[in-house]
Amino acid sequence: MTPDLSAPGPLAESAAAKLSLAVPCARLSLRARGAAVAPLSAALGLTLPERIGTRASTAAGDTEALRLGPDEWVLHATPAALPGLLAACAALSPEHPHSAVDISGRELTLVLEGPRAAELLTLGMPRDPDSIAPGEGRRTLFDGVSVVLWREADTRFRMDIWHSFAPHLASLLATGCAELAAETA
Amino acid sequence: MLLIHCPYCDETLPELEFAHAGEAHVARPENPSAQSDAEWEEFLFIRRNVKGPHYERWRHTHGCGRFFNAVRDTVSDRFLATYPAGAPRPSLASLTGESE
Ligand SMILES: [Zn+2]
């Protein structure tokens, strides 16, 4: 059974873990390198993190950046903050070449939380969930699909999934929630 | 499953996150139209098909997204080294600790 992804809220819950659909947020794909990085950091109001997998937020907490690759970041922001972010980046062109693209419509985010949330991930993720420290994030693989995983705490994760893959992954994770709980019982 | 070290992420991760991308250090000719058919064929199609340590490209598809180079023994499947794209190819002697 595919969980209903039409509105934010809980999708599945068991003693092991809880799965829910997050409230939509603004998403920005940022590509830049070398001398363009420092001015972009200043314009965005955060220090674009240096090491792949690490994160940084603005002082107000309305924008968060995760480094995905050597010249690539993804930013999550409140919808209200997005126009300001895009304008701040655009003001740096053409002096500091970069690409900042609004990808808000591309993905949705599932929230996985509960005592066995990390174990739930092993259902479809080849890498060890514990190789991602709380407060970090990674782009990785889940049941054949590229996803971006944000580890918020030991027992809480966010997973960004492209829309077309979301029904499949949500259904798999919902099944996993029930299976883990059945094992416990 | 193979474990592969991504030189950009600096992490050793399951093979499933990666895609193999053929022989490494195959340089595209500067001026393709100056090539003879035989030379162009060699660039496009002829590969060394090494038995033993093989210089090859991999891509961290489900990760940082970057292409990098690796030396993998095609007999044992053991990775001798991985290094960023554009870096010079490490000598086999330096990887195996033997003199060639
Ligand atoms: Zn990588």
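The chains referred to below are lettered A, B, ... by the order of the sequence lines, with proteins before strands, and numbering in each begins at 1.
- Around CG of Asp130(A), the count of heavy atoms belonging to other residues, nucleotides or ligands within 6.0 Å exceeds 12.
- Contacts with chain B were tallied for Thr140(A), Val148(A), Val145(A), Val147(A); Thr140(A) has the most, counting heavy-atom pairs under 4.5 Å.
- Rounding to the nearest 0.5 Å places SG of Cys64(B) at 7.5 Å from CZ of Arg139(A).
- Arg138(A) touches chain B through its side chain: at least one heavy atom from C-beta onward sits under 4.5 Å away, while N, CA, C and O do not.
- Both the backbone and the side chain of Leu141(A) come within contact range of chain B, with heavy atoms under 4.5 Å apart.
- Enclosure of atom CZ in Arg78(B) is not indicated, since only 12 or fewer non-hydrogen atoms of other residues, nucleotides or ligands lie within 6.0 angstrom.
- Within 6.0 Å of atom CZ in Arg33(A), 12 or fewer heavy atoms from other residues, nucleotides or ligands are found, so the atom counts as exposed in its surroundings.
- Open room surrounds CG on Asn49(B); 12 or fewer heavy atoms of other groups in view lie less than 6.0 Å from it.
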Legend entry - Residues Ser131(A), Glu11(B); criterion side chain to side chain donor-acceptor pair (under 3.5 Å); working and verdict: CA-CA 9 Å; Ser131(A) 65; Glu11(B) 285 185 293; 4.8 Å; no

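- Taken to the nearest 0.5 Å, the CZ atom of Arg127(A) stands 13.0 Å off from the CG atom of Leu16(B).
- To the nearest 0.5 angstrom, Ile52(A) atom CD1 is 9.0 Å from Asp10(B) atom CG.
- Rounded to the nearest 0.5 Å, atoms CE (Met125(A)) and NE2 (His62(B)) are 13.5 Å apart.
- Under a cut-off of 6.0 angstrom, the local environment of CH2 in Trp162(A) is sparse, with at most 12 non-hydrogen atoms contributed by other residues, nucleotides or ligands.
- For Glu39(B), the CD atom counts as densely surrounded, since its 6.0 Å shell holds more than 12 non-hydrogen atoms of other residues, nucleotides or ligands.
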